[in-house]
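Remarks on the structure that follows.
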Amino acid sequence: MRKRVEDFTIINNRQVNSEYYILDIQSDDDLPELLPGQFAELRVDGSNTVFLRRPISFYDVDYNNRTISLLIQEVGKGTRQLAGAVPGDILNMIYPLGNSFSSEGVTRALLIGGGVGVAPLLFLGKTLKSNKVDVNFLLGFRNRDFLVDVDKFEACGNVFITTDDGTFGEKGTVLDHMLIKTGLKEYDKIYTCGPQVMMKAVALLAEKENTDCEASLENTMACGFGACLCCIQKTIHGNLRVCVEGPVFNTKEIIW
Amino acid sequence: MRKRVEDFTIINNRQVNSEYYILDIQSDDDLPELLPGQFAELRVDGSNTVFLRRPISFYDVDYNNRTISLLIQEVGKGTRQLAGAVPGDILNMIYPLGNSFSSEGVTRALLIGGGVGVAPLLFLGKTLKSNKVDVNFLLGFRNRDFLVDVDKFEACGNVFITTDDGTFGEKGTVLDHMLIKTGLKEYDKIYTCGPQVMMKAVALLAEKENTDCEASLENTMACGFGACLCCIQKTIHGNLRVCVEGPVFNTKEIIW
Amino acid sequence: MVDLAVQIGNLKFKNPVSTASGCFGYGYEYEDFMDVNRLGAIFVKGTTGSNREGNPYPRMAETPSGMLNSVGLQNKGVDYFISDIYPKIKDYDSHIIVNVSGSTIEEYVEVAEKLNELEKIPAIELNISCPNVKEGGMVFGTHCPSAIEVTRSVRKAFAKTMIVKLSPNVTSIHEFAKAVEGAGADAISLINTLLGIAINAKTRKPVLSTVTGGLSGPAVKPVALRMVWQAYHSVKIPIVGMGGIMNATDAIEFILAGATAVQIGTANFIDPAVSMKVLDGIESYCLENGFSDVNDLIGALET
Amino acid sequence: MVDLAVQIGNLKFKNPVSTASGCFGYGYEYEDFMDVNRLGAIFVKGTTGSNREGNPYPRMAETPSGMLNSVGLQNKGVDYFISDIYPKIKDYDSHIIVNVSGSTIEEYVEVAEKLNELEKIPAIELNISCPNVKEGGMVFGTHCPSAIEVTRSVRKAFAKTMIVKLSPNVTSIHEFAKAVEGAGADAISLINTLLGIAINAKTRKPVLSTVTGGLSGPAVKPVALRMVWQAYHSVKIPIVGMGGIMNATDAIEFILAGATAVQIGTANFIDPAVSMKVLDGIESYCLENGFSDVNDLIGALET
Ligand SMILES: Cc1cc2nc3c(=O)[nH]c(=O)nc-3n(C[C@H](O)[C@H](O)[C@H](O)COP(=O)(O)OP(=O)(O)OC[C@H]3O[C@@H](n4cnc5c(N)ncnc54)[C@H](O)[C@@H]3O)c2cc1C
Ligand SMILES: Cc1cc2nc3c(=O)[nH]c(=O)nc-3n(C[C@H](O)[C@H](O)[C@H](O)COP(=O)(O)OP(=O)(O)OC[C@H]3O[C@@H](n4cnc5c(N)ncnc54)[C@H](O)[C@@H]3O)c2cc1C
Ligand SMILES: Cc1cc2nc3c(=O)[nH]c(=O)nc-3n(C[C@H](O)[C@H](O)[C@H](O)COP(=O)(O)O)c2cc1C
Ligand SMILES: Cc1cc2nc3c(=O)[nH]c(=O)nc-3n(C[C@H](O)[C@H](O)[C@H](O)COP(=O)(O)O)c2cc1C
Ligand code: FES
Ligand code: FES
């Protein structure tokens with residue numbers, strides 16, 4: 001899949017809550033094929049303190065409208081600057097980057113996301129559904145204000161939700177949910193993205209239940225396309241690049 | 001005069017020609033007294049390559065509307081960034097900075113400006129006129145497209161114009177104009193601002209005619225308020241700070 | 001309430017925030033913008049034996065996240081300082097610390113001796129690291145035996161707190177830190193500017209009249225933090241850290257790396273009230289993170 | 001038409017634009033973005049005697065106008081390079097120059113000897129300046145007798161063009177430039193990264209697992225230009241300049257300061273096709289300014 005550097009046009013910037021926003025960006029040309037789990041490196045213009053690009057996953061893709069959606073959490077200077085984007089602004093991206101979730105032979109999948117980690121799971125869920133996979137989401141949020149596009153997730157499959165404070169769904173984190181506690185073996189694949197502690201716990205449980213599990217890892221990246229060796233994950237195959245050999249890893253290979 | 005750091009709101013950005021634009025900026029509060037020749041240090045936001053502030057003269061001041069106008073030439077990254085300002089944007093300035101033109105006892109003045117160097121002369125001309133001084137401008141521009149607000153200058157006094165290519169007024173630079181060649185002694189004060197070679201030539205001629213002459217000098221500044229000693233002009237009193245002892249110097253004191 | 005007082009040699013700073021020599025004039029240039037009396041200390045402009053005109057124009061170049069300067073110690077000399085400047089600033093409630101510069105050991109000693117007599121000057125900062133003067137200056141800061149000699153000589157002439165300001169343009173900062181500690185410094189300050197060049201590709205000339213100048217600003221912060229950390233782990237005397245501090249977070253990074261106090265330089269040009277924001281920000285940080293005494297942060301980096 | 005060819009030792013570069021070791025992978029990582037064959041040379045990742053896993057995560061920190069890295073020479077070793085990588089890249093129309101690294105002189109020599117056998121490797125870059133490995137690495141680049149010894153030893157083992165890459169973390173770059181010239185280097189390249197630290201004030205921990213890392217990017221450009229200029233005025237062998245080049249203007253500044261060729265490092269991460277823009281920009285500059293041969297710009301700074 002050929003990587004490219006391209007100027008997208010921002011066509012919408014939707015504030016989801018006090019920290020999350022969704023950018024819809026449009027290409028002048030037809031989009032290349034994008035895979036769930038892949039990401040882009042965004043140039044952050046207009047900030048005199050942001051030097052490197054910022055990696056952001058594909059949250060949703062609409063080939064007909066040549067549009068990609070990005071779900072972004074404001075955590076620092078780069079994501080804060082991007083939060084101010086208005087329709088018509090240009091967003092320069094290097095994309096598509098990274099590997100993707102694998103789904104060969106999968107018939108019943110559980111997608112476990114926490115916080116902004118749900119981002120790659122919507123695109124994954126959509127893709128799985130179109131491949132006739134039985135899709136189930138277990139999504140954890142801080143509270144009901146942090147819920148993101150539940151309807152879109154529901155359009156792909158069953159959705160189970162936890163909130164830390166119990167203001168929606170079950171109270172607690174996804175790790176407290178009964179699906180996790182008892183039901184992992186009912187799925188032939190677990191996908192997870194979210195805080196590292198959550199992913200690690202999910203991975204261990206999946207391993208115990210002998211269910212195949214893939215996690216999409218975060219890392220600090222300088223290039224995003226394999227040239228700098230800054231974004232390393234320790235694995236049973238040695239140090240691998242999260243931006244090329246990842247961001248999706250089979251959890252059996254990860255040395256946490 | 002107390003210096004302050006203040007956020008102004010941009011209320012208008014008028015493109016004069018391919019290189020010049022005029023920003024009208026408004027204060028929330030009443031403006032302090034500003035003097036012709038003084039300047040402000042502008043923070044340039046939104047550029048990741050501009051680190052220091054940029055010095056810009058007061059071009060026009062409207063106390064009633066709490067508005068200052070700045071005439072700016074696009075020459076590099078800072079002035080290019082500011083050129084994109086739109087109404088509603090915030091412009092942070094340190095002001096008022098520097099000394100000012102002196103006009104005690106002046107009855108008939110010639111204000112000689114070249115290019116964007118006309119900027120401080122409009123405010124000066126206005127002030128002189130309100131002090132009943134007979135105001136005369138000799139302004140040099142590259143060509144007719146580079147003329148700036150001739151009507152505003154005319155409202156203060158007589159205006160003589162040269163253009164390098166003769167597309168307006170006399171052909172040549174201000175130094176070629178007959179006013180310079182023969183008439184300097186008819187004025188009791190010459191004020192000049194523009195390219196250094198022009199100011200130097202004017203100063204020498206004024207000296208020859210024994211007419212008092214003040215020039216507003218440019219310099220590279222880091223602070224703008226006397227703390228860094230970066231903006232030095234060699235004078236008969238030693239190295240003086242252009243941002244405090246200047247930008248206006250009596251040309252007799254300047255060692256060019 | 002956070003205890004912000006720190007100790008530099010015999011001198012108690014009421015808080016760790018001070019302003020760097022050459023970047024804050026003599027203090028009064030900033031009176032319009034802030035209450036300079038709130039600073040822990042003001043390090044005034046480099047002062048030499050007699051009047052210096054400094055280097056020719058241009059003396060300044062903007063660089064990525066920084067600037068080069070080649071001011072070259074322009075000042076009217078120590079006698080003028082004593083007669084004309086000292087009276088105006090001596091009653092500030094912040095320590096006035098004079099940055100002592102020179103071309104020869106005799107000049108350093110002469111300036112220090114004269115300042116030793118001034119009641120309201122409790123300390124000097126020995127600048128052995130100015131990259132912008134032809135003779136002397138940086139040589140003292142990049143040649144260890146010279147650093148020791150000038151420190152020893154001034155030590156004999158100056159009885160109060162003596163802070164020695166080190167040059168970052170060296171292979172081993174710890175070597176110099178240890179050397180001046182052994183030669184009698186009560187504290188060290190670092191970093192002075194990194195030697196650099198800016199070139200105008202259009203004119204094919206250097207931007208500065210002196211070709212090279214001193215780099216300061218956020219660009220140098222990683223190097224400055226590293227040197228403070230290295231120095232902290234090699235000497236027992238306190239360290240005054242600086243180099244690219246733009247906000248409270250930067251200042252806290254320096255303290256965590258081992259600085260007992262910090263100086264703010266170039267940032268003052270961009271926001272003339274920045275030092276007050278840094279001071280308030282350090283206090284908030286302590287409150288938010290449960291530190292009742294800023295001294296608990298010094299060198300607290302967990303490595 | 002501008003003549004862009006330059007000469008580094010016995011080697012003719014078809015143009016002065018090359019990419020820096022550790023910042024361009026092995027070249028093929030950039031094939032999607034540009035025609036890598038247009039480069040004067042590709043300096044590939046630091047190669048050691050055997051497989052190295054490099055340093056633990058995190059290895060990278062963003063800094064003002066720059067970044068710190070502590071990758072630590074992760075590579076699969078020279079034998080893997082020869083068997084698996086070399087065949088893929090040897091037919092590029094750009095010179096493939098291998099950056100040779102090691103912890104001991106024996107390791108450097110071993111790698112150089114093996115590379116000497118490869119027909120399509122016309123040159124090596126001896127990296128005596130890596131700040132990110134515990135043993136060896138920077139020590140060779142900051143201790144002059146060691147620099148001389150490793151250069152001499154590798155010189156005996158490698159018959160083709162040998163470029164020695166200097167560390168900027170030294171007091172006198174000219175001393176090292178002269179030393180390696182005397183020890184047989186055909187050219188020098190500089191600068192490698194400046195040693196720095198980034199601190200996370202929230203966690204009170206260093207950002208990098210190794211505490212210190214190497215600073216690169218535009219922040220270091222003034223220092224890099226100064227060192228190239230100093231080296232140019234102290235040695236006769238050609239200089240390959242780098243440090244913070246983001247565009248053609250930056251590259252021209254290096255050439256004016258004395259660089260015969262330039263390397264582009266960190267900028268490749270932000271704009272993966274930047275080296276082509278630099279190349280085109282140098283050509284335009286020559287045309288606009290009446291230079292028919294880029295060699296006329298080398299060291300042409302008017303001071
Ligand atoms: C493959 C990949 C996909 C990602 N997808 C998304 C996404 O879809 N939506 C989203 O909101 N975020 C995503 N992220 C995380 C996002 O890249 C970071 O939040 C962003 O780079 C932070 O930039 P900043 O300038 O706002 O924060 P900074 O000011 O740079 O840092 C703020 C804080 O965040 C931490 N931080 C910065 N970058 C990272 C990082 N890459 N990993 C972990 N911690 C970091 C810093 O240590 C610091 O504490 C993804 C990261 C990766 C590697
Ligand atoms: C007291 C004073 C008042 C001024 N008033 C005005 C005004 O009213 N309108 C206006 O358009 N300009 C004015 N200037 C000039 C203006 O400050 C510069 O043009 C501006 O700072 C350039 O910034 P930049 O980022 O666009 O250019 P840069 O990218 O920084 O530089 C572009 C080119 O301009 C040169 N340059 C940059 N700054 C200066 C400077 N201060 N003096 C001379 N050359 C410089 C550089 O060497 C370079 O060649 C004034 C300058 C001073 C000192
Ligand atoms: C314009 C300017 C003038 C300076 N003059 C002096 C000086 O006279 N004596 C001195 O010891 N340091 C001088 N310095 C260095 C600063 O005190 C400080 O060490 C350096 O700028 C790094 O801090 P910063 O990055 O916060 O500016 C000067 C720095 C600048 C920018
Ligand atoms: C991520 C990274 C890895 C690097 N790896 C090496 C290396 O293996 N060998 C080497 O000699 N230099 C290495 N360098 C240094 C660069 O080659 C170059 O000297 C330095 O980054 C300065 O140039 P720049 O500012 O253009 O990046 C590395 C730099 C970076 C940023
Ligand atoms: S971010 Fe550069 S290799 Fe992954
Ligand atoms: S610009 Fe700082 S003293 Fe004038």
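What you see is a predicted model; the values in this text were computed from it and never measured. Here is the naming used below: chain letters follow the sequence lines, and residue numbers restart at 1 for every chain.
Closest approach of C:C23 and B:A227 over heavy atoms only: O-CB, 4.1 Å. Taking all atoms of both residues into account, the shortest heavy-atom contact from B:L52 to C:M60 is CD1-SD, 3.7 Å. In terms of heavy-atom proximity, C:F269 sits nearest to B:A222 at CB-O, 3.5 Å.
Proximity of B:C228 to C:N69: side-chain heavy atoms (C-beta onward) are nowhere separated by under 4.5 Å.
In this structure, the portions of B:N219 lying under 4.5 Å from any heavy atom of chain C include both its backbone and its side chain. Contacts of B:V50 with chain C are made by both backbone and side-chain atoms, with heavy-atom separations under 4.5 Å. Using a 4.5 Å cut-off between heavy atoms, C:M246 contacts chain B through its side chain alone, with no backbone atom that close. When heavy atoms are compared at a cutoff of 4.5 Å, C:Y26 does not approach chain B at all. Heavy-atom distances place the backbone of C:T63, and not its side chain, under 4.5 Å from chain B. Interface residue C:N268: only backbone heavy atoms are found under 4.5 Å from chain B. Heavy-atom distances place the backbone of B:R4, and not its side chain, under 4.5 Å from chain C. Only the backbone of B:T49 comes within less than 4.5 Å of a heavy atom in chain C; its side chain stays farther off. Heavy-atom distances place both the backbone and the side chain of B:K3 under 4.5 Å from chain C.
A donor-acceptor pair under 3.5 Å links the side-chain atoms of C:E53 to the main chain of B:N239, judged by distance alone.
C:D271 CG to B:N92 CG: the interatomic distance, rounded to the nearest 0.5 Å, is 8.0 Å. For the atom pair CG (B:L229) and CG (C:L73), the distance works out to 10.0 Å, reported to the nearest 0.5 Å.
When the ring-ring contact (aromatic ring centres under 6.0 Å, His included) test is applied to C:F33, the partners found at least two apart in sequence or on another chain are B:F225.
In terms of non-hydrogen atom pairs under 4.5 Å with chain C, the most contact-rich of B:C230, B:G226, B:G224, B:C231 is B:C230. For the options C:G66, C:A273, C:G22, heavy-atom pairs under 4.5 Å to chain B are most numerous at C:G66.
The environment of NZ in B:K77 is crowded: more than 12 heavy-atom neighbours from other residues, nucleotides or ligands sit within 6.0 Å. Within 6.0 Å of NZ on C:K202 lie no more than 12 heavy atoms contributed by other residues, nucleotides or ligands.
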### Task
Given side-chain contact (heavy atoms from CB on, under 4.5 Å), test C:E62 with B:R54 step by step and report yes or no.
CA-CA 11 Å; C:E62 190 183 58; B:R54 296 294 190 260; 2.8 Å; yes

